[in-house]
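So that the names make sense, note that chain A is the first sequence line, chain B the second, and so on, each numbered from 1.
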Amino acid sequence: MSCLDIIADYGLRSIGLGERLLPRSDFTLCHQFTLIGSGMIWNIYFGTLALTSGFILATLLALGKASKNFFARKLSGWFIFIFRGSPLFIQFFFAYFLFLSLKQNFTFLSPLTSAWAGALFVLFCNTAAYSGEIFYGALQAIPKSDLEAADAYGMSGFSRFRRILWPTMLRLAWPAYTNEAIFLFHATTLVFFSSFPAWQQRGDALYYASYFADKTFNPFIPYPILAGYFIFLTLILIGLFGLANRKLNIHLPKDKHTKIKFRIRLIR
Amino acid sequence: MFEFCANPENLSRFSWLSCYLTTPKHMNLFYSVGTVLLLLVLTAPTALLFGFGGAIMARSKIFLIRLTGNGYISIVRGVPDIAFFLFFVIAIDQLFEWTRHKILCPDWNEPIRQGNDFVVCSIAKLPLSSSPQWIHEIYGFLLAVFTFAIVFGAFTANILYGAMRAVPKTQIETAFSFGMTERQVFHRILVPQMWIFALPGLGNLWMILIKATPLLFLLGVEDIVYWARELGGTKTAKFTSYPHGDWRVWYFLGLLIFYLAFTRISEALIDALTRILSRGTATLGSDLQRQVGR
């Protein structure tokens, strides 16, 4: 069987297209590359959707935490505290069993017990909390003079937010937010290890990598392949966020640009 | 545990719960909290040691050592960390067994990797297949500690490397001008001064380490996640005197609260430590403190 056949059979295996059974013996390098790469579809799915939807909630949370309204402040503060203070792994478990018991009373919630919706929801809340805290910090760091200038121009309310607060907040937060995005993508590998079932063995990249490691008892091939895929994904992300960073800094002289520096922060 | 627990069927709600939570199986859950704490206690100093070694290597003047140090620091970037956990736990095990195999059975001539199997001679097995269950458990736990220490050591190395570079150059130069040797400068000036620069990063890392402890479950250790799943599942009256439905959501709520409290307390302790250590240093932290003290 040539490698192209394998790609045709397993290239989209993680979303249920192609061969039904996973390979059981005679694992070739091509098998491992194809199947682990196919699993990356899920990582990208979770990462992209959680990041974009989480961005909106994060902005609201940051504004809420900085607001003068007591309830908005407390609510966003607690939301951020709960999701940043506890391990994502436990959040997944808790959410899964919560959805499982809610399903019995509210049948329309049953999609939440499967990974595509339930895990996405948890990741959405989690990234919203982490980025909310980043945005809140940036909001506090906005120079007073910017706001005074806005006042002097007679801006207020929403137009002040849209033209001054929000762009400046994003510009200041962007380097930290880039790291958050990278680690969100890394965190998506936890999904199928935390009770969310990989229905018909449709799992993510790490799911397949550990499948191969279990079957061959040789971790030295699947995990480096996985690592390669993720380094590649990380580089793409840094590139994309770098482009956005340039756009955010476009009005400033070159030496005032905020630099994206890759910093570490692993598990959440 | 309590005497009134002898017949759980006709107890009031509260005493039923107090009996339920003290069954021998639940004791395992509480012991596994001890496992988590033990992991933290063992991993933190080991990772600090690894990190210190890594940072020193990354500063070395010899190219090859510097490369190794930098490689170690950057290896865990860009790749999901649980991939490392899953990788190292098998890889280290195989490394140990392979080394013992080479030493203990030198005249074994079959290949070690036979297709999908990893075969070493029986006296090289770790732990020996004849050893009792608790040795297997301890070996598994120590393997997990070692894995955590390697991964977190790399992060610590990164922080300490940055902290060593943050120590003001003038301090080092003054020490040299007093005629101290390189060794003395390192011991008397650099290392004592770097801690305050490393503290925010290390504090952050400690929080991350706490939040990483549930991953023990993935390494095959019977930790709190394991017992919460085990005890929370539906129990029928046939097998236990404390039948209940699916309570896993409550168990995990308990774990969630446990971790929230744990990180919160750690945060307060780290803040206090920062205040103590930044006394008398020329950093923003101590400046702020002075202002508050006024």
### Task
Write out, in numerical order, the residues from residues 135-143 of chain A with a heavy atom short of 4.5 Å from a heavy atom in chain B.
none
### Greatest number of heavy atom pairs closer than 4.5 Å to chain A - which of B:D246, B:L253, B:T263, B:V89
B:L253
Show me the donor-acceptor pairs, under 3.5 Å and distance only, between side chains in residues 218-229 of chain A and residues at least two apart or in other chains.
unit_1, atom_1, unit_2, atom_2, d
A:N218, OD1, A:F220, N, 3.0
A:Y229, OH, A:F33, O, 2.8

### Message
Using a 6.0 Å distance limit plus a 45 degree cone around the ring axis, check whether A:R13 lies over the aromatic ring of A:Y208.
### Response
no
### Message
Side chains of B:T156 and B:F52, heavy atoms from C-beta outward: is any pair under 4.5 Å?
### Response
no
### Task
Tell me whether the centres of the aromatic rings in A:F83 and A:Y130 are closer together than 6.0 Å.
no
### Task
Decide ring pair (Phe, Tyr, Trp, His ring centres under 6.0 Å) for B:F262 and B:F258; before the verdict, give the C-alpha distance in whole Å, the side-chain angles of both, and the deciding distance to 0.1 Å.
CA-CA 6 Å; B:F262 201 177; B:F258 166 72; 5.8 Å; yes
### Task
Say whether, by atom type as modelled, one donor and one acceptor occur between the side chain of A:T127 and the main chain of A:L123 under 3.5 angstrom.
no
### Query
What residues of residues 98-110 of chain A sit under 4.5 Å from chain B when you count only heavy atoms?
A:L98, A:L100, A:S101
### Query
Which word best sums up how the rings of A:H186 and A:F183 line up, parallel for under 30°, tilted for 30 to 60°, or perpendicular for over 60°?
perpendicular
### Query
Between A:D204 and A:T189, is any pair of side-chain heavy atoms under 4.5 Å apart?
yes
### Task
Check whether B:E267 gets within reach of chain A through its side chain, its backbone, both or neither, counting any heavy atom under 4.5 Å.
neither
### Task
Give, as side chain, backbone, both or neither, the part of A:F232 having an atom under 4.5 angstrom from any heavy atom of chain B.
neither
### Query
Can we call the ring centroids of B:F85 and B:F148 under 6.0 Å apart?
yes
### Query
Any idea how A:F89 and A:F93 line up, ring-wise: parallel (<30°), tilted (30 to 60°), or perpendicular (>60°)?
perpendicular
### Leading residue by heavy atom contact count with chain A [cutoff under 4.5 Å; candidates B:L86, B:L218, B:V225, B:L255]
B:L86
## Note on the structure
Residue pairs meeting side chain to side chain donor-acceptor pair (under 3.5 Å), one or both in residues 87-98 of chain A, sequence neighbours left out, come to A:S86-A:Q91, A:Q91-A:N126
